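Only one structure is covered here, and it is reproduced in the block below.
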Amino acid sequence: MIKSVLVANRGEIARRVFRACRDLGIGTVAVCSDPDAAAPHAREADVAVRLPGASPAETYLDAGLVLDAAKRSGAAAVHPGYGFLSENAEFARAVIGAGLTWIGPPPEAIAAMGSKIEAKKLMAAAGVPVLPELDPGRAGADDLPLLVKASAGGGGRGMRIVRDIGELDGAVAAARREAGSAFGDPTVFCEPLLEDARHIEVQILADAHGTVWALGERECSIQRRHQKIVEEAPSPAVGPELRAALCDAAVNAARAIGYTGAGTVEFMLAPGGRFHFLEVNTRLQVEHPVTECVYGVDLVRLQIEIAEGARLPDAPPAPRGHAIEVRLYAEDPARDWRPASGTLHTFEIPGVDDEFTVSAGLRLDSGVESGAEVGVHYDPMLAKVIAWAPTRRAAARRLAASLRGARIHGLTTNRDLLVRIMEDDAFLDGATDTGYLDRIGLAVLAAPLAGEAAVRVSALAAALAGAAADRASAPVLGGLPSGWRNLRSQPQRRSFDGPSGTIEVAYHLGRDGLHCDLCPGTRLVEAAPERVVLDHDGLRETFTVKAAGGAVHVDSRLGPVSFAVVPRFADPQARIAPGSLLAPMPGTVVRVETEAGATVTEGQTLLVLEAMKMEHRIAAPAAGTVAELNVGAGRQVEAGAVLAVIEGTPE
Amino acid sequence: MRLKSTLDASGPQYRERRAAMLAKIAELDAEHGKALAGGGEKYVARHRERGKMLVRERIEMLLDPDSPFLELSPLAAWGSDFPVGASVVTGIGVVEGVECMIVANDPTVRGGASNPWTVKKSFRAADIALENRLPVINLVESGGADLPTQKEIFIPGGRMFRDLTRLSAAGIPTIALVFGNSTAGGAYIPGMCDHVVMVKERAKVFLGGPPLVKMATGEEADDEELGGAEMHARTSGLADHMAVDEADALRLGRQIVRGLNHRRLGPEPGPVAEPLYDAEELAGIVPEDLKIPFDPREVIARVADGSEFDEFKPLYGTSLVTGWTRVHGYPIGVLANAQGVLFGEEAKKAAQFIQLANRAGTPLLFLHNTTGYMVGKEYEQSGIIKAGALMINAVANSGVPHISIVMGASYGAGNYGMCGRAYDPRFLFTWPSAKSAVMGPQQLAGVLSIVGRQAAQARGQVYDEDGDRAMRELVEAQIESESLPFFLSGRLYDDGVIDPRDTRTVLGLCLSVVHNAPVRGADGFGVFRM
């Protein structure tokens with residue numbers, strides 16, 4: 001029996017595995033990089049082992065360090081999670097070689113599936129339908145469109161779509177370069193590109209005694225940059241016959257490579273119902289919770305038990321209902337999915353029934369908590385939210401409602417996009433092939449939930465909450481009416497930078513209530529620092545307000561809005577032209593070592609000032625051009641005088 | 001004890017009284033509007049064209065966001081030849097959590113020049129600051145004295161500078177933010193302040209401007225050389241800070257207050273409970289005809305925390321209600337006229353109550369609606385003068401802070417006994433329904449008539465009845481107009497006329513303000529004549 005497990009991973013998947021371990025009474029060991037020192041996964045484990053450094057290469061990808069951590073902490077087994085070392089056969093061998101239990105498939109199976117070209121050959125031999133492989137050298141116009149893929153690839157890297165035969169050579173070369181640098185193996189191959197296809201995958205689970213389960217399919221067609229954002233089980237495009245065929249193919253695939261543990265066989269499903277083998281993922285998938293919720297099984301628990309030598313029952317439990325998972329990313333879909341980093345001031349998902357375990361309602365698998373720092377080193381996925389319901393539409397509605405009500409502050413996320421997908425008619429109709437996002441378009445799907453009117457009234461709520469907060473913290477006269485005047489000449493004012501520019505909220509609270517031209521006819525019902533209730537046309541809307549780090553976040557039924565608070569007073573130093581170099585004290589310019597228009601490097605001495613018998617070097621704060629040079633040698637200057645202005649070189 | 005209101009807010013009496021009060025409040029708003037209009041549209045527009053902020057915009061930006069601001073003496077100069085408001089705004093507001101006295105010139109009114117009422121209003125502000133230990137922030141932009149009335153300004157006006165340095169000597173900080181002209185005598189405003197900020201290219205602070213210097217010494221010099229912000233910040237050292245613009249000056253003003261390390265010396269308030277009855281109903285309590293008495297408990301029930309009022313001697317001297325309560329968490333003793341007339345019992349009750357408050361160190365609130373001390377053979381013989389003297393002695397020598405609110409009548413020596421202006425209450429506010437005079441207009445005219453008749457009879461003449469009627473009407477009209485709140489407020493005999501519905505807020509603010517100074521009862525009183 002395994003007594004403790006080290007999880008060679010971070011974030012939500014580490015927490016997911018720990019949860020299963022705790023349920024089994026197994027001890028938990030975390031590894032954590034320096035930025036993750038205070039991360040939930042590191043705090044939750046019985047013991048955490050530091051991996052010095054921040055980049056994945058020097059921490060979670062360093063097999064030697066991880067193994068050392070396992071030895072030092074006395075862990076009996078290693079669970080790799082997904083990503084990082086999870087599909088590294090060498091690492092699996094090293095774990096086993098060190099006398100520890102590897103919670104995963106045999107290293108040979110990992111290695112066999114590591115090369116996509118070899119995997120396809122193996123599968124074709126086992127009778128699994130595969131797409132024909134095209135030799136990049138011999139592909140012609142008839143084969144178009146086609147896909148160039150890295151044999152060792154994953155995550156969309158080393159992948160190119162070719163629609164014009166003239167682009168082929170360039171695409172192959174580029175894919176080779178990318179594959180070489182990302183995976184250390186420049187081998188690429190070509191396949192016919194299936195358009196309007198669906199990404200369907202089958203969860204398999206095999207014990208060491210010959211039992212192989214296929215736990216139905218998941219559909220993961222909605223992807224951005226070849227990464228999944230919405231996954232569900234079962235697929236709306238798969239009926240019982242097709243499901244049986246898919247499951248048979250997956251079981252055959254597993255048997256062909258002597259697979260044990262949890263794995264996923266991925267297929268492309270063409271519109272006509274024909275499917276082709278894509279690859280085998282020899283690990284637990286990010287999207288495993290939807291299968292868990294539909295089949296009522298804890299896959300991680302089963303992984304551990306299989307690693308301990310347990311037998312699976314002959315047949316898996318019957319599936320029931322429908323589960324959908326969305327991945328909440330710190331990224332801005334409207335800006336080319338740019339990842340966001342910074343402090344996640346608030347992270348609250350309402351209505352969660354379960355965390356990291358099978359749920360017949362709303363499940364949250366989150367790697368973060370309120371107050372977390374989200375850095376640039378790792379995947380920007382914050383959490384997965386999973387809804388189970390008897391029907392697909394009911395699950396989608398539950399997810400949409402929860403995401404709408406979520407309070408996520410400090411970072412831009414794809415939440416609004418996920419809500420729009422969950423409420424989109426095409427999605428609800430099951431029209432979710434891999435072209436879904438492009439077809440509906442980000443202009444529609446990434447549009448903020450809060451419209452112009454919602455932004456205005458949210459700004460008002462932010463102002464009134466700010467006023468209430470200032471009243472509540474006032475050292476004197478806090479109990480008097482907000483902004484009271486015996487002679488009123490003008491409103492109170494608060495300004496915010498919002499999604500559509502600066503909004504000035506001019507308001508006053510008189511004997512007869514709220515006056516605000518921004519939202520005429522709106523009545524104040526109550527205002528507290530974190531809660532404002534406004535009445536407009538007889539509709540009473542509640543706004544939850546959170547001020548953090550110079551920003552105000554307003555959540556309501558109308559949609560979330562974040563504002564930056566415009567300071568009442570401008571910083572006088574900010575009024576000096578950026579790049580200005582000021583005299584630190586009164587003195588005499590003794591030397592000028594540059595000239596107007598000169599290009600300078602960071603730290604380069606521009607001039608020397610003598611004051612109080614000391615020489616002070618004035619250096620360029622950054623590389624750029626000398627846009628202004630206001631002094632010459634011998635010139636007396638006063639403290640604060642602008643000596644020179646450096647214009648930065650545009651990046 | 002929790003007060004039980006018997007006011008019928010749906011009855012005709014309430015509606016009538018409320019309608020009359022709302023009409024008076026509308027008149028008050030119109031008069032306040034004149035003060036707010038400053039120098040009028042033309043001068044306001046010109047001021048804005050120069051990129052300058054209006055005086056109240058400056059104040060708003062100086063204050064803590066959404067904090068209250070009580071403007072003082074807004075009707076100063078009402079009924080005089082000078083614009084209502086007297087070209088200066090004074091008031092108490094919160095800056096960086098500190099209650100401050102703000103004195104700000106309104107440069108749209110004749111360049112912010114001081115007239116005799118400006119000076120009186122500024123003196124009153126300085127008195128309040130000194131008594132209550134409030135830091136003073138001057139927002140300076142004034143063209144100096146109104147020269148045609150210099151005889152009423154020049155000699156008394158010196159007090160302005162004396163007050164500033166005496167405040168400083170008493171440990172009360174003084175700050176000047178100079179936005180524009182502050183020349184000749186006005187230069188001593190920044191000169192006498194502890195902290196000075198001047199706005200770059202705007203402030204002009206010198207004893208003599210270019211023409212005067214040219215005439216006096218023949219020297220050629222420009223404004224900036226003689227008194228610009230740069231010069232004062234870099235050369236003379238009169239300016240401690242140079243602001244890049246008006247907003248920056250206000251920012252610096254706030255920064256200075258933040259660094260004052262101000263401490264309130266009075267006890268801090270207890271928990272606050274809102275009254276059980278609606279303040280809105282305060283507009284329907286006072287009868288339009290002040291001959292009809294009203295129960296001041298109805299007012300207390302709408303002003304006191306939790307409508308609680310522990311009455312003292314409720315069965316004795318019932319024409320004066322006395323008792324203890326709290327307003328915005330501050331304990332306070334209340335003396336309120338109930339039946340208008342003060343008899344010997346009421347006076348003695350008041351004298352005892354005031355002494356108790358002084359022992360306890362509890363501030364006192366006087367709610368005026370009095371026609372004065374009772375006259376007549378019986379009362380003179382029973383010593384009403386002695387009784388009144390007891391009360392006036394106690395009021396005059398009491399050491400705890402007093403606040404007076406004139407709700408209705410405040411006639412005769414009753415005004416003194418109830419801590420009228422001459423008895424230096426820390427604050428005195430008036431409701432629009434109030435009247436203050438030596439006696440009621442009809443009584444005063446009647447007295448004159450009787451005296452005239454007696455004089456005529458003594459000379460053996462026939463009294464001119466028609467003339468008497470005309471005289472009475474004239475006198476009644478004059479006394480009536482001179483006993484009204486706007487007139488008295490215009491002469492600085494109160495600190496402002498307030499909407500009765502704001503009474504609790506004004507009291508809360510004033511009680512907090514008085515607690516910036518230590519609250520202590522008197523060590524002794526004058527000899528009480530028994």
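All of these numbers come straight from a predicted model, not from anything done at the bench. First the proteins, then the strands, lettered A, B, ... as listed; each starts at 1.
- With a 6.0 Å radius and a threshold of 12 heavy atoms from other residues, nucleotides or ligands, Arg557(A) has its CZ atom at or below the threshold.
- Looking at Asp470(A), the atoms closer than 4.5 Å to chain B (heavy atoms on both sides) all sit in the side chain, from C-beta outward.
- Counting heavy-atom pairs closer than 4.5 Å to chain B, the top residue among Arg488(A), Gln492(A), Arg511(A), Arg493(A) is Arg511(A).
- Proximity to chain A is limited to the side chain of His328(B), based on heavy atoms less than 4.5 angstrom apart.
- Remark: of the listed residues Glu99(B), Arg263(B), Arg133(B), Glu99(B) is the sole one forming a side chain to side chain donor-acceptor pair (under 3.5 Å) with Asn516(B).
- In this structure, Leu534(A) CG and Cys519(A) SG are separated by 7.5 Å, a value rounded to the nearest 0.5 Å.
- At a threshold of 4.0 Å, the pair Glu280(B)-Arg302(B) does not count as salt-bridged, since none of the basic side-chain nitrogens sits closer than that to a carboxylate oxygen.
- The residues Arg202(B) and Asp245(B) are annotated as not salt-bridged, no charged nitrogen and carboxylate oxygen being separated by less than 4.0 angstrom.
- Residue Ile498(B) does not touch chain A at all, counting heavy-atom pairs closer than 4.5 Å.
- Ion pairing between Glu71(B) and Arg485(A) fails under the 4.0 Å rule for side-chain N and carboxylate O.
- If you tally non-hydrogen atom pairs under 4.5 Å between each of Asp29(B), Leu63(B), Asp64(B) and chain A, the highest count goes to Leu63(B).
- Using a 4.5 Å cut-off between heavy atoms, Arg494(A) touches chain B through its side chain atoms alone.
- Neither the backbone nor the side chain of Arg504(B) comes within contact range of chain A, judged by heavy atoms closer than 4.5 Å.
- When Val272(B), Val506(B), Asp499(B) are compared by the number of non-hydrogen pairs under 4.5 Å with chain A, Asp499(B) comes out ahead.
- Residue contact with chain B, scored on non-hydrogen atoms closer than 4.5 Å, is absent for Ala474(A).
- Neither the backbone nor the side chain of Leu511(B) comes within less than 4.5 Å of any heavy atom of chain A.
- Under a 3.5 Å cut-off, the side chain of Gln490(A) and the backbone N or O of Arg56(B) do form a donor-acceptor pair.
- Heavy atoms closer than 4.5 Å to chain B are found in the side chain of Arg471(A), but not in its backbone.
- Among the candidates Val88(B), Ile59(B), Val89(B), the single residue satisfying the side chain to side chain contact (heavy atoms under 4.5 Å, CB included) test with Leu139(B) is Ile59(B).
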